[in-house]
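Take a look at the structure below.
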Amino acid sequence: MARPPKRKVVGGVPRADYFKPRGIPLVQLEENTLTIEELETLRLADKEGCYQEEAAKQMGVSRQTFQRLLKQARFKVTDALINGKAVHIAGGKYVTPSGEGRYRCGYCGNEVKRSTRGHGPAWRCPTCDVPSEQE
């Protein structure tokens, strides 16, 4: 049985969830779906200029996982720019910090109180009962 995906910590959810070439209706475009975690890797690596090890720690993942997500994200965005595709930002397994010791479940949107982030026991969202960080 495969290990369930680990929820990644992301800085927030973007205000816009679609980007498309100008002048072409969305229904006529192919689209690439970028997960919230993939977008977060782009933000940390390319916008904030973080080294992969530092960025991986912020997201609560290994450097290898961060690198894999970053490679996927860059491929999807580059493919969309070169081939005139829309980019839809949606989905993923993530939590967002929403104040001191609180995280928002990426599955149901419920706020979850979490005293520590990092190496601790796995926890489940009390609303949707979906496992969060598998550590």
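The analysis underlying the following values was restricted to heavy atoms, covering all of them including side chains, and did not include hydrogens, waters or symmetry mates. Model, not experiment: these values are computed from the prediction.
What you find for T33 and A90 is that their closest heavy atoms are CG2-O, 3.9 Å. Considering all non-hydrogen atoms of both residues, L26 and A86 come closest at CD1-CB, 3.7 Å. The shortest heavy-atom contact between T41 and A73 is OG1-CB, 4.1 Å. For the residue pair G84 and L29, the shortest heavy atom distance occurs at O-CD2, 3.3 Å. Pairing each heavy atom of S62 with each of A56, the nearest pair is O-CB, 3.6 Å. I89 and A16 make their closest contact through CD1-O, 4.0 Å (heavy atoms, listed as atom of the first residue, atom of the second, distance).
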**Item:** From CA spacing to verdict: side-chain hydrogen bond (donor to acceptor under 3.5 Å, both in side chains), Q67, R63
**Value:** CA-CA 6 Å; Q67 184 176 19; R63 188 196 54 75; 3.1 Å; yes

**Full working for side-chain contact (heavy atoms from CB on, under 4.5 Å) between L69 and E40** = CA-CA 9 Å; L69 289 169; E40 182 70 359; over 6 Å; no

**Request:** Quick one: do V95 and V10 satisfy side-chain contact (heavy atoms from CB on, under 4.5 Å)? Show the steps, please.
**Result:** CA-CA 6 Å; V95 292; V10 300; over 6 Å; no

**Request:** Go through the steps for L42 and R74 under the test side-chain contact (heavy atoms from CB on, under 4.5 Å), then give the verdict.
**Result:** CA-CA 7 Å; L42 289 173; R74 286 178 174 164; 3.7 Å; yes

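With a 6.0 Å radius and a threshold of 12 heavy atoms from other residues, nucleotides or ligands, E30 has its CD atom at or below the threshold.
Using a 4.5 Å heavy-atom threshold, the side chains of Y94 and V13 count as touching.
The closest donor-acceptor contact from the side chain of Q52 to the backbone of A45 lies at 3.5 Å or more, if one exists at all.
Note on K76 versus E38: salt bridge recorded, some NZ/NE/NH1/NH2 to OD/OE distance being below 4.0 Å. Between E54 and K57 no salt bridge is recorded (no basic side-chain N to carboxylate O distance below 4.0 Å).
Under the ring pair (Phe, Tyr, Trp, His ring centres under 6.0 Å) criterion, the residue pairs touching residues 3-33 are Y18-H88, with sequence neighbours excluded.
Atom CZ of R43 is separated from atom CD of E48 by 5.0 Å, given to the nearest 0.5 angstrom. Here the CG-CG distance, from L44 to L39, works out to 9.5 Å after rounding to the nearest 0.5 Å. Taken from NZ in K8 to OG1 in T35, the straight-line distance is 8.0 Å, to the nearest 0.5 Å.
Taking the ring-ring contact (aromatic ring centres under 6.0 Å, His included) definition, one finds that F75 meets it with nothing, sequence neighbours left out.
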